[in-house]
Amino acid sequence: MIQVQNLRKEFGAKVAVDNVSFTVEKGEVLGFLGPNGAGKSTSMRMVTGYFRPTSGSIRIGGIDMLENPEEAKRSIGYLPENAPLYSDMTVASFLGFCAEVRGITGAAKSRAIDRVLDLCFLHRVRNQSVDTLSKGYRHRTCFAQSIIHDPEVLILDEPTDGLDPNQKHEVRQLIKKMGETKAIIFSTHILEEVDAACSRAMIIDRGKVVADGTPQELRQKVPGCQSLDEVFRNLTRSDLEK
Amino acid sequence: MKNKDLANTLAIFKREFLSYFNSPVLYVIVVIFLLASMGFTFFFGRILDSDNASLTQSFFFWHPWIYIVLAPAVGMRLWSEEHRLGTFELLMTMPLSPWQAIIGKFVAAALVWAISLLLTFSIVITVSWLGNPDPGPIITGYAASYLYAIGCLAVTSAASAFTRSQVVCFIVSVALCILLTLIGYPGIVDSVVRTLPGSLESLVRFVSYLSFMDHFYEMTKGIFVIRDVLYFLSVIVVALIITHLGLRSKRA
Ligand SMILES: Nc1ncnc2c1ncn2[C@@H]1O[C@H](COP(=O)(O)OP(=O)(O)OP(=O)(O)O)[C@@H](O)[C@H]1O
Ligand SMILES: [Mg+2]
């Protein structure tokens with residue numbers, strides 16, 4: 001479903017993403033790991049069509065993101081990093097707007113809204129203004145937006161950020177369950193989530209892929225390391241050295 | 001295909017338009033607009049003292065000055081707010097083209113001005129009751145006034161595409177609108193022409209021809225000139241193209 005080849009992004013002289021390639025098929029959940037500033041969000045922004053890559057190609061379900069962005073974006077659901085929302089709307093009207101832009105109207109729209117309110121436990125706040133939501137609820141509202149059209153591809157930038165332990169658990173379960181039928185990429189700083197939800201994980205450091213494989217394979221990547229935590233530190237320490 | 005484009009534009013328009021009514025800014029601006037346009041008319045325009053019932057000198061005359069401040073106040077949230085909230089990223093990853101969003105949002109703001117301007121209609125009733133005004137200049141006056149308003153709005157849209165700060169957008173837009181107004185202000189143009197050597201006169205005249213004011217005056221006189229309407233429409237098109245470029249630079 002997601003095919004990314006030799007993706008590169010430069011901001012002026014700075015290379016944020018350097019020659020990243022991967023594919024994610026339906027039924028796979030790919031975890032994006034890496035220290036702050038590694039280029040996870042930048043990669044996701046290119047895959048979702050927000051940033052234009054300096055070079056490289058992106059295909060979503062066979063459709064080229066650079067040549068036919070509107071068509072390619074149709075099958076993607078995206079949760080950006082800081083869970084942006086229109087602050088002057090209520091939860092339900094915000095979700096309604098997102099549904100409409102995706103061509104879901106009328107009765108199908110109310111059904112879609114009800115479905116995601118259920119999945120994200122948002123019924124209690126459905127008519128509350130987004131402005132007055134707590135951080136976790138804001139995050140869940142934006143997450144709800146990303147699945148409103150039941151997309152085949154889901155790109156989630158730190159989906160469990162700011163959630164309470166119960167909600168973290170629910171979201172992981174949800175990602176794992178949706179991963180059976182969708183192609184999902186999500187980024188995280190919580191390494192337990194890799195075991196909890198990913199079928200594969202990729203560690204990125206300073207824009208480059210330094211490891212890619214199943215959680216089990218990653219553990220064996222560095223001799224002598226037992227946990228993902230150790231592997232992660234071993235592979236991405238370069239940042240701390242200077 | 002065409003239908004889908006329209007549906008996208010409408011969805012953006014609807015959200016934007018309703019959001020104006022959720023914010024107190026709109027009501028404040030409409031009230032200020034009504035007070036200012038009426039106030040200027042009755043106190044400075046001396047509409048009641050003059051013996052003609054024309055609105056050209058008393059009512060429409062003041063509109064450019066009001067729009068210079070109020071159009072940026074209405075339009076400054078267009079894209080700045082999207083940048084600040086981060087919803088711009090959300091919008092640009094949805095299956096719509098930037099143009100659909102630019103036009104949907106601009107039309108919503110333009111409709112806000114149409115409503116504000118319609119609310120001044122009582123003044124037409126007043127002059128019709130007091131005298132017997134020629135309807136021609138009133139119709140072209142309203143057209144000119146509206147084109148001026150949405151011209152300033154388009155300039156504001158362009159400025160807002162470049163910054164996440166509404167304050168910066170407001171200041172830059174007001175400055176641009178003042179500039180576009182003053183370069184064609186008859187008093188100023190004439191004195192510039194007088195001080196500069198004669199050979200530069202045609203240049204000054206040309207620059208003033210590019211100003212909002214020049215075209216506005218022609219229209220308020222009651223002459224509906226296609227040329228002036230086209231002028232405002234092309235200003236709007238250019239400003240929206242700049243908006244598009246600004247938005248694209250944010251995604252570079
Ligand atoms: N718009 C931009 N202009 C210039 N540089 C940018 C821009 N966006 C990101 N960068 C740079 O690109 C690099 C990668 O940033 P990115 O946000 O992708 O990191 P990340 O892996 O998501 O980090 P985090 O874990 O903190 O979210 C950083 O060095 C960042 O400063
Ligand atoms: Mg990030």
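All figures in this text were calculated on a predicted structure; none of them were measured in a lab. Proteins get letters first, then strands, A, B, ... in listed order; numbering begins at 1 in each.
A:Arg102 and B:Pro95 make their closest contact through NH1-CD, 3.2 Å (heavy atoms, listed as atom of the first residue, atom of the second, distance).
For B:Arg251 (side chain) and A:Gly49 (main-chain N/O), a donor-acceptor pair under 3.5 Å exists by modelled atom type.
Interface remark: A:Ile76 contributes no atoms to any contact with chain B (heavy atom separation under 4.5 Å). Heavy atoms closer than 4.5 Å to chain A are found in both the backbone and the side chain of B:Ile12.
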> Are B:Ser97 and A:Glu70 close enough, and set up right, to give a side-chain contact (heavy atoms from CB on, under 4.5 Å), and what steps lead you there?
Replying inline: CA-CA 7 Å; B:Ser97 83; A:Glu70 278 161 66; 3.2 Å; yes
> Going through the checks in order, is the side-chain contact (heavy atoms from CB on, under 4.5 Å) test met by B:Leu96 and A:Val101?
Replying inline: CA-CA 8 Å; B:Leu96 45 81; A:Val101 175; 3.2 Å; yes
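To the nearest 0.5 Å, atom NZ of residue B:Lys4 and atom CZ of residue A:Arg74 are 4.5 Å apart. A:Asp131 CG to B:Asn22 CG: the interatomic distance, rounded to the nearest 0.5 Å, is 10.5 Å. The CZ atom of A:Phe51 lies 13.0 Å from the CE atom of B:Met92; values are rounded to the nearest 0.5 Å. Atom CZ of A:Phe97 is separated from atom CE of B:Met94 by 6.0 Å, given to the nearest 0.5 angstrom. Separating the CG atom in B:Leu90 from the SG atom in A:Cys142 is a distance of 5.0 Å, to the nearest 0.5 Å. In this structure, the separation between CD on B:Glu16 and OH on A:Tyr86 is 7.5 Å, given to the nearest 0.5 Å.
Within the 4.5 Å cutoff, no side-chain heavy atoms of B:Glu81 are placed close to those of A:Asp88. Using a 4.5 Å heavy-atom threshold, the side chains of A:Glu100 and B:Arg15 count as separate.
No other option in A:Pro80, A:Ala72, A:Gly77 has as many heavy-atom pairs under 4.5 Å with chain B as A:Pro80. The most heavy-atom pairs under 4.5 Å with chain B, out of A:Glu81, A:Met89, A:His149, A:Arg52, come from A:Met89.
Atom NZ of B:Lys250 is surrounded by more than 12 heavy atoms from other residues, nucleotides or ligands within 6.0 Å.
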